[in-house]
Amino acid sequence: MAGPTFQALPGFRDFIPRECAVRNYLFETWRATARRCGYVEYEAPILEDTSLYLKKSGGELSAQLFRFEDQGGRDVTLRPEVTASLARLAAEHQRHFPKPLKWFEIGQCFRYEKPQKGRGREFYQFNVDILGEAGPAADAELIALAIETMLAFGFVAGDFVVRVSDRHAWIEFASRHGLAADAIPEFLGIVDKIERDKPEILAAKLAALSLTTAQVREFIADPANASPAYLAIRADLTARGLGAFVELDLSIVRGLAYYTGVVFEVFDAKKSMRAVAGGGRYDTLVATISDGAVDLPATGFAMGDYVIRNLIEETTHTAMQLAVWLQRHAAACDVFVVVADEAQRAAALKLVTDLRRAGIATDLPLTAAKVAKQFQSAERSGARFALVVGAEYPELKLKVLASRSEESGTAATAVAWLTARLLEPDGPLFA
RNA sequence: GUGGUCGUAGUUCAAUGGUAGAGCCCCAGAUUGUGAUUCUGGUUGUUGCGGGUUCGAGUCCCGUCGAUCACCCCA
C-alpha cells in the first residue's frame, strides 16, 4: 500500500453492482409512481451559475456549496437542490406547456457537509413539482404522490405520517401580534427551531419580537388555527382514501426561505424524527428567478435516497420487498453458454450472438475452462439455464440450473427453443 | 464548523509494550463433459500516514488523513 491510495472522496459513494441495484430500485419505484400519477420526467444541468443559488435559497445552503471557478473564469456550483433550476427552466419554457405542469426529476445533488448516517456530500433526490396551479388541489395532488410513493415501497398506515402546516397561518399570527412584515422570515426561523433550541434561548429570541414561548406553543396546539388551505387539502386527501396519513403540525415551517404557504414533511412514524421527504408551496420563486418576467405559482417536494433507503432497510416488510426485487433483478443473464469442447467455440459464439439478438440475456466464458468451472460460473451468474455446446454439436443440451434436469435440442432451432422455454416454468425441483 | 469512538490481509476480526495470526473470500487440485458438501494445497500486510517516548511500538503520546456516530443543518 505504498504511495498515494485512491478512494472515493469523503461523502461520495461507490455503487458496486449490488449498491447500484438498490439505487435502481429506488429510481424505478419513484419513476413508476410518478408516471402512474400523471407526472412527466425532466432533467436540468448538474452545474449552474452560483448566483442562481445565492439569491433565493438562503440560509445555510450558501455555506454548503460545492463551488469553484471554471476554466472560463465563471463562478459555478454543483447543484445543492433542483428547485432553483426548475424555476429557471419553467420561466423559460413554460409557454410551450399547458398548465398545470406536473414534472418530476431524479438526479444527484451536492452539498459540502460533514457526512454521517443519512447524509453524504452527494445524494440522489426525487423531485416532484406542480407549476401553474395556485389552489390547494395542487398541494393535495402533490402530497398524494408522496403518500403513493411510500405505499409503493411497501410502507403501510402506521409506518409514516405526513405532517402538514401552512406558513400563512403563522403570517396571520404574526400580524395579529403586531410583527412587522420584514420580521416574519426571522420569526419563522425561530418557529422552525422551537423543538431544538434551548428553552431560554428560544424565549429570548421571541422576547426580542415581543412574544412568549407560551403564545407560540398555544398556537401550535390549537387545531382551530389550521388554515383554509390545510382544511381543503385534508378534505381532498380524505376523499382519496389517504386522510389517515395526514396530520396538522403547525410546528413544521421548513428552513428554505422560498416557501410561501403550505409546507409538509413525510416522517417516519417511529421516533427517528427525520424527514424522509419535505416540500411546500413556493409561489414567488419563479418570478424571482425570472426577475418578474414569469409569474407561476408552484408547489413541490423532494425525497432523498439516503433516508428512504435507511427506512426501507430498517422496516421489516419494506426490506423484504426490496430483497425480493433484488433477487428478481440479480441475474446477470438468462442463459449461460457452456463451451464443453473448445473446438466448438466458434459455433458457441455464433449461438450467443443469435440468442442475444433475439433478446435473450446470454453470457459465456471468455477463456477455456473446465466444464465444472463453467457450471459454477453459470450458477453465480444467476442464469436459469446452462446451454452446453460440446463435441456433439449441433446437438445441444440445456440444463435447468435450479432443478439440475437436462433437456436436448439442436442449434438450428435454438433461438425459438430457448425463447419458448424461458416463458415456461421450470417444473418440479428434484435435488 | 463542534464533539465522541475507531483505523491490522480483499473482507470480518485477533495479537498482557517483546518474532503479525485466524475465519470467510479468492485461486489451484482431489473430480480429463456437469454445479452442493467435503478434503488438500496456495496468494495477500511498509499494522492509514508522519513524528515522538522506549532496549523494543499494531499496542503509549502528538499531529495528520480517513471511517463512523451525535450536534448544527438538511434529502
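A, B, ... follow the sequence lines: proteins, then strands. Residue 1 opens every chain.
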Which of the following nucleotides, [options], is nearest to the side chain of [X]?
X         : options                : value
Pro10(A)  : A30(B), A75(B), A67(B) : A67(B)
Ala372(A) : G33(B), A75(B), U34(B) : U34(B)
Glu392(A) : G33(B), C73(B), A75(B) : G33(B)
Gln116(A) : A75(B), G33(B), C72(B) : C72(B)
Arg380(A) : C26(B), U34(B), C72(B) : C26(B)

- Are Phe123(A) and A75(B) stacked, counting the six-membered base ring, centres under 5.5 Å, planes under 30°?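 Answer is yes, a stack.
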Give [X] one of three labels, base, sugar-phosphate or nothing, depending on what nucleic acid heavy atoms sit under 4.0 Å from its own.
X         : value
Arg111(A) : base
Gly279(A) : nothing
Gln374(A) : nothing
Ile308(A) : nothing
Ala391(A) : base

Please report the distance separating the [atom1] of [N] from the corresponding atom of [M], rounded so that it comes out in whole Å.
N      : M      : atom1 : value
C74(B) : C49(B) : C1'   : 33 Å
A15(B) : C25(B) : P     : 24 Å
U16(B) : U59(B) : P     : 13 Å
G21(B) : U34(B) : C1'   : 38 Å
A14(B) : A75(B) : C1'   : 40 Å
U31(B) : A67(B) : C1'   : 45 Å
C71(B) : A57(B) : C1'   : 35 Å
U53(B) : C61(B) : C1'   : 7 Å

Kindly say if [X] contacts the phosphate of [N], meaning a side-chain N or O under 4.0 Å from OP1 or OP2.
X         : N      : answer
Lys193(A) : C73(B) : yes
Gln376(A) : A36(B) : yes
Lys114(A) : C71(B) : no
Arg119(A) : U68(B) : no
Lys117(A) : A67(B) : no

Assert yes or no for the condition that the ring centre distance of Phe336(A) to Phe375(A) is strictly below 6.0 Å.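 No, they do not, as the ring centres are separated by 6.0 Å or more.
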Assess whether a salt bridge exists between [X] and [Y], defined as any Lys/Arg side-chain N lying under 4.0 Å from an Asp/Glu carboxylate O.
X         : Y         : answer
Glu314(A) : Lys117(A) : yes
Arg13(A)  : Asp305(A) : yes
Glu407(A) : Arg421(A) : yes
Glu313(A) : Arg309(A) : yes
Glu141(A) : Arg240(A) : yes
Glu122(A) : Arg23(A)  : no
Arg234(A) : Glu247(A) : no

Specify the separation, in whole Å, of atom [atom1] of [X] and atom [atom2] of [N].
X         : N      : atom1 : atom2 : answer
Leu396(A) : U34(B) : CG    : P     : 18 Å
Asn127(A) : A75(B) : CG    : C1'   : 9 Å
Arg121(A) : C74(B) : CZ    : C1'   : 15 Å
Asp14(A)  : U11(B) : CG    : P     : 13 Å
Leu9(A)   : C65(B) : CG    : C1'   : 13 Å
Asp305(A) : C74(B) : CG    : C1'   : 14 Å
Tyr259(A) : C74(B) : OH    : P     : 10 Å
Leu65(A)  : C73(B) : CG    : P     : 17 Å

Identified stems (criterion: three or more consecutive Watson-Crick or G-U pairs, under 3.5 Å), RNA chain B
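Stems for RNA chain B, defined as runs of 3 or more consecutive pairs: B:1-7 with B:65-71, B:10-13 with B:21-24, B:26-30 with B:38-42, B:48-52 with B:60-64.
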Is the terminal nitrogen or CZ of Arg121(A) (NZ for Lys, CZ for Arg) located under 6.0 angstrom from the six-membered ring centre of Tyr112(A) and within 45° of that ring's axis?
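So Arg121(A) does make the cation-pi contact.
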Find which nucleotide of RNA chain B each of Asp192(A) and Lys397(A) is nearest to by heavy atoms, and output the residue with the more 5' nucleotide.
->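 Its nearest nucleotide being more 5', the pick is Lys397(A).
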Go nucleotide by nucleotide along RNA chain B from the 5' end; which of Glu122(A) and Val388(A) gets its closest nucleotide reached first?
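This one resolves to Val388(A).
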Under 3.5 Å, is there any donor-acceptor pair linking the side chain of Glu113(A) to the base of A75(B)?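 Counting by modelled atom types and ignoring angles, a donor-acceptor contact under 3.5 Å is found here.
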Donor-acceptor pair under 3.5 Å, Glu342(A) side chain vs G33(B) base: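 Under the 3.5 Å cut-off, the side chain and the base do not form any donor-acceptor pair.
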**OP:** Report, as yes or no, whether the 6.0 Å neighbourhood of atom CD on Gln327(A) holds more than 12 heavy atoms from other residues, nucleotides or ligands.
**Re:**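 No, because the 6.0 Å sphere around CD of Gln327(A) holds 12 heavy atoms or fewer from other groups.
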